[in-house]
Protein chains: 2
Amino acid sequence: MGTKPTPRSALAAARSRTPLRSIHGNGHGSGHGTGYGTGLFADCPDLLGTPFSYAREEEIYGEGEDAEFVYRVVEGAVRSHKVLSDGRRQITGFHLAGSLFGFEQGDVHWHTAEALADTRVLIFQRRPIERAATHSAEVACQLWSMATANLRDAQDLTLLLGRRSAQERLAAFLVEVDGRFGGTGTFALPMTRRDIADYLGLTIETVSRTFSQLEEDGALRRSGGRQITLHRARLRHVVEN
Amino acid sequence: MGTKPTPRSALAAARSRTPLRSIHGNGHGSGHGTGYGTGLFADCPDLLGTPFSYAREEEIYGEGEDAEFVYRVVEGAVRSHKVLSDGRRQITGFHLAGSLFGFEQGDVHWHTAEALADTRVLIFQRRPIERAATHSAEVACQLWSMATANLRDAQDLTLLLGRRSAQERLAAFLVEVDGRFGGTGTFALPMTRRDIADYLGLTIETVSRTFSQLEEDGALRRSGGRQITLHRARLRHVVEN
DNA sequence: CGCCCCGTTGACTCTCGTCAACAGACGTGG
DNA sequence: CCACGTCTGTTGACGAGAGTCAACGGGGCG
């Protein structure tokens with residue numbers, strides 16, 4: 001062995017064995033309370049995913065590559081982004097446990113996806129899913145509703161980037177992340193300042209300064225950079241609408 | 001009469017008559033070369049739309065309203081936007097002839113839609129469409145693909161707003177509009193400077209100054225504010241990537 | 001142990017926003 | 001027909017918010 005496994009090889013291996021096992025041996029089967037098991041959708045057990053893993057900072061797919069697979073995050077976190085030729089980068093979304101990513105219009109990815117942290121995913125072939133969609137209105141409706149949800153997120157981000165100040169952007173972002181982590185108000189950010197900056201259309205320096213400012217205002221407390229405790233009422237007051 | 005017709009009343013009127021006629025009497029039937037006729041999709045003649053008209057600056061639906069209808073532009077132009085409580089506005093899209101808008105996630109609109117100019121649309125009830133989608137995989141797939149196309153546009157806008165300068169934003173916008181009008185390089189903008197500014201996350205003054213700057217650089221020529229002739233090679237060079 | 005990366009902070013710059021004035025187009029009504 | 005007000009678009013002067021460049025501390029990893 002020694003050569004790095006690819007999604008394709010993992011898929012071939014999975015098909016030659018029954019039952020399905022993770023290539024990393026951590027095949028507990030059902031994901032982290034997402035209620036999906038290894039199926040694409042909760043009520044669609046015939047589209048099974050193959051477990052796969054990516055290391056921190058590893059690329060999952062690149063812009064322009066053939067969109068052969070789609071992915072569901074089981075554990076860890078992934079970012080999708082686009083880059084301009086001069087290196088400016090815009091992250092269009094973070095995918096945490098449970099979220100599905102990799103669907104694009106057309107046959108190639110128009111984003112790059114990378115693992116923020118060591119990440120376990122389920123991989124699904126795109127073709128069978130699309131074939132299933134053309135036969136099953138139910139599958140197609142689920143895909144539609146997923147796309148619509150993503151669309152709403154993208155448009156919220158549009159408003160954030162077009163019309164909000166640095167402070168409002170960061171506050172909204174933190175409230176959003178808190179919500180995705182259960183809304184306890186305390187969590188560890190899985191992404192770096194650079195990732196946050198490239199998501200919010202800012203620079204790392206501005207993000208850092210804005211963190212300090214929010215802390216001065218008593219809207220949050222930092223313990224060691226990534227670990228955050230929010231004062232949610234004050235943060236929401238910053239976001240206001 | 002004298003009371004303003006609503007989509008609901010137009011629909012009721014349409015159903016009491018056969019064949020279908022526009023409430024404004026301009027019922028040439030098939031739309032402007034979009035190839036759709038009055039059907040929702042080209043190959044889906046059973047979902048028929050009712051012609052309806054809106055005056056310049058008239059609201060079609062508001063954020064938070066019940067999403068009872070969806071719309072296809074026959075002639076004219078429409079903008080979708082969101083507003084913050086302090087009045088800051090972000091336009092998330094312009095809908096020109098042929099484009100379908102008004103689909104949202106959930107039962108209420110999360111945007112406001114307004115006619116930029118006098119506009120003729122076809123109105124479709126949302127419920128029957130959704131019912132059709134749950135029965136017909138083909139309809140559902142069309143809806144999915146439409147949502148995915150919108151998603152790509154929204155993410156392109158995200159990159160524009162997050163990482164591009166005023167000049168790049170305006171140049172990209174003009175190239176985009178030119179493309180939608182057939183790519184001749186000469187057209188009349190259907191929207192005001194304010195609309196452009198609110199789409200590009202800028203102010204009207206910056207838009208105006210950037211127009212002047214692009215004109216100085218020989219990237220376009222203005223004849224009377226709205227009428228534009230692009231020097232497409234130079235504009236694309238500004239956009240670069 | 002040392003290097004590198006991440007995060008923070010300071011000083012300065014610059015793009016874009018704000019405030020203001022003005023010109024031209026348009027519609028209305030005297 | 002012209003005076004008037006309004007709306008759109010342009011331009012100038014100025015200011016503020018975010019970007020750039022640079023230095024530095026701390027922690028993790030080889």
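Letters go in sequence order (proteins before strands), and every chain restarts at 1. Only a predicted model underlies this, so the values are computations on that prediction, with no experimental measurement involved. The figures here come from the full heavy-atom set of this structure, side chains too, leaving out hydrogens, waters and symmetry mates.
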Exercise. Taking only residues two or more places apart in sequence or in another chain, which ones pass salt bridge (charged side-chain N to carboxylate O under 4.0 Å, His left out) with B/E216?
Worked result: none
For this session: Determine the contact category for B/T192: base if any of its heavy atoms lies under 4.0 Å from a base atom, sugar-phosphate if only primed atoms, P, OP1 or OP2 are that close, otherwise nothing.
Result: sugar-phosphate
For this session: Report the end-to-end axis angle of the helix from C/dC1-D/dG30 to C/dG30-D/dC1; each axis comes from five terminal pairs, and the value is rounded to 10°.
Result: 30°
Exercise. Listed by chain and number, what are the ring pair (Phe, Tyr, Trp, His ring centres under 6.0 Å) partners of B/F94, not counting sequence neighbours?
Worked result: B/Y199
Seminar exercise, completed: With sugar-phosphate taken as primed atoms, P, OP1 and OP2 and all else as base, the protein-contact string of nucleotides 14-22 of chain D at under 4.0 Å (heavy atoms; B, S, -) is ----SSBB-
Polar-atom pairs under 3.5 Å, protein N or O versus N or O of nucleotides 24-30 of chain D: list them with distances, or write none.
none

Exercise. Quick one: side chain to side chain donor-acceptor pair (under 3.5 Å) partners of A/H237, sequence neighbours excluded?
Worked result: none
Exercise. Closer than 4.0 Å, any side-chain N/O of B/R226 to the OP1 or OP2 of D/dG9?
Worked result: yes
For this session: Quick one: label B/R222 by what it contacts on the DNA or RNA (base, sugar-phosphate, nothing), any heavy atom closer than 4.0 Å.
Result: sugar-phosphate
Problem set entry | Partners meeting side chain to side chain donor-acceptor pair (under 3.5 Å) with B/D156 (sequence neighbours left out) | A/K82
For this session: Mind checking side-chain contact (heavy atoms from CB on, under 4.5 Å) for A/S208 and listing every partner two or more places apart, or none if nothing turns up?
Result: none
Problem set entry | Partner set under ring pair (Phe, Tyr, Trp, His ring centres under 6.0 Å) for A/H95, not counting sequence neighbours | A/F101
Exercise. Got a sec, which residues hit side-chain contact (heavy atoms from CB on, under 4.5 Å) with B/R88, two or more places apart in sequence or on another chain?
Worked result: A/R163, A/E168, B/L84, B/D86
Exercise. How would you list, by chain and number, every residue that makes a side chain to side chain donor-acceptor pair (under 3.5 Å) with B/E240, sequence neighbours excluded?
Worked result: none
Exercise. Among all residues two or more places apart in sequence or in another chain, which pass the ring pair (Phe, Tyr, Trp, His ring centres under 6.0 Å) test with A/H81?
Worked result: none
